[in-house]
Amino acid sequence: MNCLIHTRMSIIAFSLAVISTTLCCPEMSTAAEAPRPLAPPTALSLREARVIIDGAVAYAREKKLRMTVVILDEEGQLISADRMEGASFHLERFAKGKAFTSLMLRDRSETAAELSKTRPDRYFGIMNMYPGEVYLVGGGVPLAIDNRLVGAVGVAGLPEGVDEKAALAGIDAWNKYRESMKK
């Protein structure tokens with residue numbers, strides 16, 4: 001019995017020593033408690049993403065249409081998204097899938113859609129490797145700065161072929177914005 005009490009007392013004493021050392025000397029705390037380094041900044045800023053979105057939305061409004069547009073960074077992570085009033089709730093997922101597809105293939109998502117006819121093995125391979133992440137239809141366009149892939153835009157909810165035109169309108173607005181920033 002004395003041995004059990006002595007063991008418990010030793011464990012409690014050790015625990016108190018560890019806690020007091022951690023509280024009194026924070027520089028001695030474990031590496032797991034150290035602040036994490038910041039993630040590297042994306043090459044595509046939130047402001048630039050919003051310029052692309054605003055350009056695409058303006059195109060859709062001009063045509064009296066409703067859609068959703070998504071901007072992904074070079075790693076496929078969401079920078080910004082916008083669903084126009086009255087656009088269906090599920091369109092964000094479609095737009096993100098289109099953007100991810102164009103980012104992954106470094107080409108328009110329309111090109112990926114054509115794979116079902118020209119290279120069914122590749123088409124089904126992509127579908128199986130990235131289930132729920134790719135949407136192999138038109139409307140996704142990669143974004144590049146000085147021939148370096150920096151992200152992608154995806155548009156969903158417009159008639160066939162018009163999604164990509166809205167994405168390109170957004171990219172045109174982005175290119176004009178970038179030119180104006182050089183001056």
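Minimum interatomic distance between Gly138 and Lys98 (heavy atoms only, all atoms of both residues): O-NZ, 2.9 Å. Considering all non-hydrogen atoms of both residues, Ser80 and Leu78 come closest at O-CD1, 3.5 Å. Minimum interatomic distance between Pro142 and Leu149 (heavy atoms only, all atoms of both residues): CB-CD1, 3.6 Å. Listed here is the closest heavy atom pair of Val137 and Ser109: O-OG, 2.6 Å. Of all the heavy atoms in Arg83 and Ala87, the pair that sits closest is NH1-O, 2.9 Å. What you find for Ala173 and Gly55 is that their closest heavy atoms are CB-CA, 4.0 Å.
In Glu110, the CD atom is crowded: over 12 heavy atoms of neighbouring residues, nucleotides or ligands sit closer than 6.0 Å.
Glu74 contributes atom CD, which lies 8.0 Å from atom CG of Leu44 (distance to the nearest 0.5 angstrom). In this structure, CG on Asp82 lies 9.5 Å from CD on Glu92, to the nearest 0.5 angstrom. One distance of note links OG1 of Thr101 with CD1 of Ile126; it measures 7.5 Å at 0.5 Å rounding. Between the CG atom of Asn147 and the CD1 atom of Ile145 there is a distance of 11.5 Å, given to the nearest 0.5 Å. In this structure, OG on Ser180 lies 11.0 Å from CG on Asn175, to the nearest 0.5 angstrom. A distance of 4.5 Å separates CD1 in Ile71 from CD1 in Ile52, rounded to the nearest 0.5 Å.
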Side chain to side chain contact (heavy atoms under 4.5 Å, CB included) evaluation trace for Leu72 with Phe100 = CA-CA 7 Å; Leu72 302 180; Phe100 184 81; 4.0 Å; yes
Lys165 and Lys63: CA distance, side-chain angles, deciding distance, side chain to side chain contact (heavy atoms under 4.5 Å, CB included) verdict | CA-CA 11 Å; Lys165 289 178 181 176; Lys63 305 284 184 198; over 6 Å; no
Between Thr111 and Glu114, does a side-chain hydrogen bond (donor to acceptor under 3.5 Å, both in side chains) hold up when you go through it step by step?
-> CA-CA 5 Å; Thr111 303; Glu114 294 165 7; 5.0 Å; no
Stepwise side-chain hydrogen bond (donor to acceptor under 3.5 Å, both in side chains) test for Ser102 and Arg108 = CA-CA 5 Å; Ser102 68; Arg108 300 173 13 248; over 6 Å; no
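By the 4.0 Å N-to-carboxylate-O rule, Glu85 lies too far from Arg66 to be salt-bridged with it. Salt bridge present: Lys182 and Glu179 bring a charged side-chain N and a carboxylate O closer than 4.0 Å. Electrostatic pairing of Asp121 and Arg119 counts as a salt bridge here, judged by a charged N lying under 4.0 Å from a carboxylate O.
When atom types are taken as modelled, the side chain of Asp73 and the backbone of Glu75 share a donor-acceptor pair closer than 3.5 angstrom. Panel note: side chain Glu48, backbone Ser45; a donor-acceptor pair is recorded below 3.5 Å.
Note: the hydrophobic cluster containing Phe124 also contains Tyr130 (ILVMFWY, side chain heavy atoms under 4.5 Å, direct or indirect links). A continuous path of hydrophobic side-chain contacts links Leu46 to Trp174 [ILVMFWY only; heavy atoms under 4.5 Å]. Linking Ile, Leu, Val, Met, Phe, Trp and Tyr residues whenever their side-chain heavy atoms come within less than 4.5 Å places Met104 and Leu136 in a single cluster. No continuous path of hydrophobic side-chain contacts links Leu91 to Phe89 [ILVMFWY only; heavy atoms under 4.5 Å]. Taken together through direct or relayed side-chain contacts under 4.5 Å among Ile, Leu, Val, Met, Phe, Trp and Tyr, Val153 and Tyr135 form parts of separate hydrophobic clusters.
Val162 is linked by a side-chain contact (heavy atoms from CB on, under 4.5 Å) to Tyr59, Leu65, Leu158, Pro159, counting only residues two or more places apart in sequence or in another chain.
Side-chain contact check for Val57 versus Met67: some heavy-atom pair is nearer than 4.5 Å.
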